[in-house]
Q: 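One structure coming up, written as structure tokens, with questions to follow.
Quantities reported herein were computed from a predicted structural model and do not represent experimental measurements.
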Amino acid sequence: VRYTVTPRPTAHKFDVMLDIHSPTPEGQVVSLPAWIPGSYMIRAFAKHIVALDATADGRPIAATKRDKQTWVLAPTKGPVRVAYSVHAWDLSVRKAHLDATHGYFNGTSVFLRVHGADHAPCDVVLAKPEGEAYGDWRVATTLPRVGGEALGFGDFRARDYDELIDCPVEMGTFVHGTFEAGGIPILSFTLQHRDGHSV
């Protein structure tokens, strides 16, 4: 399972490509959770998916919405790609927010769950936004990095879907620092907006 996440700051959208190498032959099911780790109130993350299309071997296949958070893809024998966009305009810590100053998301609002592949490794590519205005953006996340420079955009891998949705992602210009508490290294960062004010 592989996710490629491309931010479009001025549109307030994260574009996601989900590649499923071995989909369920009778029709792959994908969904977004209706909860977030640590806060189990029922939520409606899927309502922020504004477009969703699926292809197999470069040809469109049907993606039927079964309920408010679940889609069923038409049966296929080969790999499937699901392309979707997530509207990100919520400044709470639960969902996703993206503008010209920063981007943030929790996995439950961005990463579709591939039913039947919960325990499969999840590869993630975090792409840098296009444009000179984002040349100094960096990434802070607890997703394990497998490629690219520290704090840079690049390749990451979660051991399974549970780990994937438990690793928030922050991107933008921020001051990054470390400190120790009880002999344990702790990472910390603060956002640094373009007007010079820190949050």
Side-chain angles (χ1 to χ4, degrees), residues 2-18 32-52 69 83-113 122-158 161-179 186-199:
R2 181 182 179 89
Y3 303 84
T4 302
V5 181
T6 304
R8 286 194 290 141
T10 56
H12 313 302
K13 290 182 176 67
F14 289 105
D15 292 334
V16 185
M17 282 192 309
L18 165 59
L32 271 186
W35 51 271
I36 183 171
S39 177
Y40 299 98
M41 176 186 294
I42 297 298
R43 304 188 186 277
F45 297 126
K47 73 179 181 180
H48 299 293
I49 293 182
V50 294
L52 185 146
Q69 68 198 62
Y84 57 101
S85 294
V86 178
H87 185 248
W89 195 242
D90 187 315
L91 272 173
S92 76
V93 296
R94 294 178 297 275
K95 297 182 184 177
H97 188 265
L98 178 63
D99 64 15
T101 66
H102 88 123
Y104 172 84
F105 66 82
N106 270 294
T108 47
S109 60
V110 169
F111 296 122
L112 284 171
R113 174 187 165 217
C122 299
D123 291 331
V124 177
V125 178
L126 296 178
K128 198 170 195 174
E130 293 184 1
E132 293 181 13
Y134 312 107
D136 56 353
W137 275 33
R138 300 186 295 170
V139 174
T141 180
T142 53
L143 275 171
R145 179 181 292 278
V146 296
E149 299 178 1
L151 298 179
F153 291 81
D155 299 328
F156 302 80
R157 171 173 278 199
Y161 187 75
D162 284 345
E163 182 178 42
L164 178 69
I165 63 172
D166 205 22
C167 296
V169 174
E170 171 71 35
M171 57 185 67
T173 56
F174 50 81
V175 176
H176 182 267
T178 62
F179 63 94
I186 306 294
L187 298 179
S188 173
F189 65 89
T190 57
L191 293 181
Q192 186 70 40
H193 290 292
R194 295 185 192 284
D195 62 4
H197 293 95
S198 295
V199 177

Q: State the CG-CZ distance between Leu32 and Arg113, to the nearest 0.5 angstrom.
A: 11.0 Å
Q: Check the pair Val5 / Phe105 against side-chain contact (heavy atoms from CB on, under 4.5 Å), numbers first and verdict last.
A: CA-CA 11 Å; Val5 181; Phe105 66 82; 4.3 Å; yes
Q: Side-chain contact test, heavy atoms from C-beta onward, threshold under 4.5 Å: evaluate it for Phe14 versus Arg8 and give yes or no.
A: no
Q: Roughly how far apart are Thr101 OG1 and Phe174 CZ, rounded to 0.5 Å?
A: 12.5 Å
Q: Does the side chain of Asn106 reach to within under 4.5 Å of the side chain of Phe45, using non-hydrogen atoms?
A: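 Contact flag for Asn106/Phe45 side chains = no.
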Q: Contact between Met171 and Tyr134 at the side-chain level, heavy atoms closer than 4.5 Å - yes or no?
A: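 No, side chains not in contact.
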Q: To check you understand the geometry: which heavy-atom pair defines the closest contact between Thr141 and Pro168, and what is its length?
A: OG1-O, 2.9 Å
Q: For Leu164, run the side-chain contact (heavy atoms from CB on, under 4.5 Å) check against Val110, Thr108, Leu143 and tell me which one passes.
A: Leu143
Q: Is there a side-chain contact between Asp123 and Asp155, using heavy atoms and a 4.5 Å cut-off?
A: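 Side-chain contact under 4.5 Å: no.
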Q: Strictly under 6.0 Å, is that where the ring centroids of Phe111 and Tyr161 end up?
A: no
Q: Nearest 0.5 Å please: distance from the NE2 atom of His176 over to the CZ atom of Arg138.
A: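 The NE2 atom of His176 sits 7.5 Å away from the CZ atom of Arg138.
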Q: Can any side-chain N or O of His97 pair as donor or acceptor with the backbone N or O of Ala88 at less than 3.5 Å?
A: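 Looks like no, no N/O pair under 3.5 Å.
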Q: Between Lys128 and Pro7, what is the shortest heavy-atom contact and its length?
A: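 Shortest heavy-atom separation between Lys128 and Pro7 comes out as C-CD, 4.5 Å.
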Q: How long is the straight-line distance from CD1 of Ile49 back to OH of Tyr84, given to the nearest 0.5 Å?
A: 6.0 Å
Q: For residues Ala46 and Gln69, report the shortest heavy-atom separation together with the two atoms involved.
A: CB-CA, 3.6 Å
Q: Does Gly152 offer a backbone N or O that forms a donor-acceptor pair with the side chain of Arg145 under 3.5 Å?
A: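 Yes; judged by distance alone, with no hydrogens or angles, the pair exists.
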Q: On a heavy-atom basis, which atom in Leu98 and which in Pro9 lie closest, and how many Å separate them?
A: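 For Leu98 versus Pro9, the nearest heavy atoms are CG-CA, 3.7 Å.
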Q: State, yes or no, whether a side-chain contact exists between Ile165 and Trp35 at a heavy-atom distance under 4.5 Å.
A: yes
Q: Please answer whether the main-chain N or O of Leu112 pairs with a side-chain N or O of Tyr3 as donor and acceptor at a distance below 3.5 Å.
A: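 It does hold such a pair.
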Q: So do Thr173 and Trp137 actually touch side chain to side chain, heavy atoms under 4.5 Å?
A: yes
Q: Quick check: closest heavy atoms across Thr142 and Asp166, and the distance to 0.1 Å?
A: OG1-O, 4.4 Å
Q: Quick one: CD on Glu130 to OG1 on Thr6, what's the gap to the nearest 0.5 Å?
A: 8.0 Å
Q: If you measure from CG on Leu91 to CG on Asp99, what distance do you get to the nearest 0.5 Å?
A: 7.5 Å
Q: Search all heavy atoms of Phe153 against all heavy atoms of Pro129 and return the closest pair with its distance.
A: CZ-CD, 3.8 Å
